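Contents: one structure, followed by commentary.
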Amino acid sequence: MILILKPETSPDTTEYKQLEGHLSRLENIETHVHKVEGTEHTLTEIYLIGNTAALTLEDMRSLPGVDHVVRVSEEYRILGRHKEDTRPASFDYNGVRFSQDNLNVFAGLCAVDSPESVEGMMKALQENGQVCTRMGAYKPRTSPYSFQGHGKNCLPYVFELAGKYGIKVIAMEVTHESHLDEIQEALDQTGNSTGVMLQIGTRNTQNFELLKKVGRQQEFPVLLKRGFGITLDESLNAAEYLASGGNSNVVFGLRGMKTNIGDPHRNFVDFAHVSVVKRLTRMPVCIDPSHSVGARSRGPEGILDVMHVTSQGVIAGANMILVDFHPEPTKALVDGPQALLLEELPLFLEDVKIARQAYEKRVALFNSLSAN
Ligand code: PEP
Ligand code: MN
């Protein structure tokens, strides 16, 4: 059960102290306090864990400082959608809104290879009105002999260039807790000229110790990729690890499943789960068409498969797109074969707009039918 407190009920108020007194007298109930930073105020949620079946919603609602109460099912306690749950399905970070109701494009480099690639990419983004990107500094690779990413050495120029070209959020994978400090330090050194969304890659979806560490910090939002060989439920529970640590600013990323059934695509595209994740949880949903398809193959009409699957995810209501581009894909050190060209960025964005408008028209159509 979750008690959502009135915005003005901070821990130093009498109401809060009275509430604490009431809660401490409940038998077999433990409490966890969770702070949710909003743009206007900080909301306090108190999670009651234990024998909550013995409590009634009315009794809990009448306690001092309580605004409303949500009885949660066992599934995805914090991030899940529960009955009569009016908690928002959105959060703001560095001036960008992440929500189940909007769409952000994160076009960028799979891996940072040189300052020139970074600058070329960011310049193209600015010219096309984009304020978000993806840039990999720490790359988990199948072979230990492959390029592992430039790590912390590239962060200063990545962040400086981001500031120069007006980029507000960079999605960047972290594979070890020490990367959080490296990112924070480089951001501080470069005058916090941009923001970072920490990405947990598919190989680390169930790295529970990393999830706990990343969940315990509230500075950066998190993009959690679905595990490529586990069930959706297992991946959603991984997201819940982040939230239970204290950080519920989480976007859930679909990136395809590893199976030969998806051949010739690199992974079996799973964007049919966009609406499933939105129904089960309050997380905005990201799609990664690049790592799903893995190549620049085209349909007979000439449209790249990467763009086809992007449209499939967007027309189903996806909220974020993580997509690989590169100024010179043949020279890219990671995943060149799936990268789109900078010249293709305007086309890609226009195509995304068509699919998003179609999604919005579909929503309007279904709303008008249910209103009748
Ligand atoms: C990536 O986005 O660069 C990446 C490695 O993705 P995934 O973890 O989904 O393989
Ligand atoms: Mn990649």
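Whatever order the structure lists them in is the order used to number ligands and atoms, beginning at 1. Position 1 is the first residue of the sequence; numbering continues from there. Note that the coordinates shown come from a computational prediction; the quantities given were computed from them, not determined experimentally.
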List the atom of [X], the atom of [Y], and the distance in Å for their closest heavy-atom pair.
X      : Y      : result
Leu340 : Arg296 : CA-NH1, 3.5 Å
Ala107 : Thr133 : O-OG1, 2.7 Å
Gln217 : Phe220 : OE1-N, 2.8 Å
Ile2   : Arg77  : CD1-O, 3.9 Å

Ser297 OG to Ile303 CD1 distance, which is reported to the nearest 0.5 Å
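Here the interatomic distance stands at 12.5 Å.
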What does the N/O contact table under 3.5 Å look like for ligand 1?
from     : atom 1 : to     : atom 2 : distance (Å)
ligand 1 : 2 (O)  : Arg134 : NH1    : 2.9
ligand 1 : 2 (O)  : Arg134 : NH2    : 3.4
ligand 1 : 2 (O)  : Gln199 : NE2    : 2.9
ligand 1 : 2 (O)  : Lys225 : NZ     : 3.0
ligand 1 : 3 (O)  : Arg134 : NH2    : 2.7
ligand 1 : 3 (O)  : Lys139 : NZ     : 2.9
ligand 1 : 6 (O)  : Lys225 : NZ     : 2.8
ligand 1 : 8 (O)  : Thr202 : N      : 2.8
ligand 1 : 9 (O)  : Lys225 : NZ     : 2.7
ligand 1 : 9 (O)  : Arg255 : NE     : 2.6
ligand 1 : 10 (O) : Arg203 : NH1    : 3.1
ligand 1 : 10 (O) : Arg255 : NH2    : 2.8

Judged by atom type as modelled, is there a donor-acceptor pair below 3.5 Å linking the side chain of Thr205 to the main-chain atoms of Ser235?
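Judged by distance alone, no pair lies under 3.5 Å.
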With a 3.5 Å distance limit and no angle check, can you tell me whether Asn94 reaches the backbone of Val169 through a side-chain donor-acceptor pair?
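It does not hold such a pair.
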Looking only at side-chain N and O atoms, does Glu45 offer a donor or acceptor that is under 3.5 Å from a partner on Tyr47?
yes
Met1 and its side chain to side chain contact (heavy atoms under 4.5 Å, CB included) partner, picked from Val72, Val70, Leu55:
Leu55
Count, waters excluded, of protein N, O or S atoms under 2.8 Å from the Mn ion (ligand 2):
3
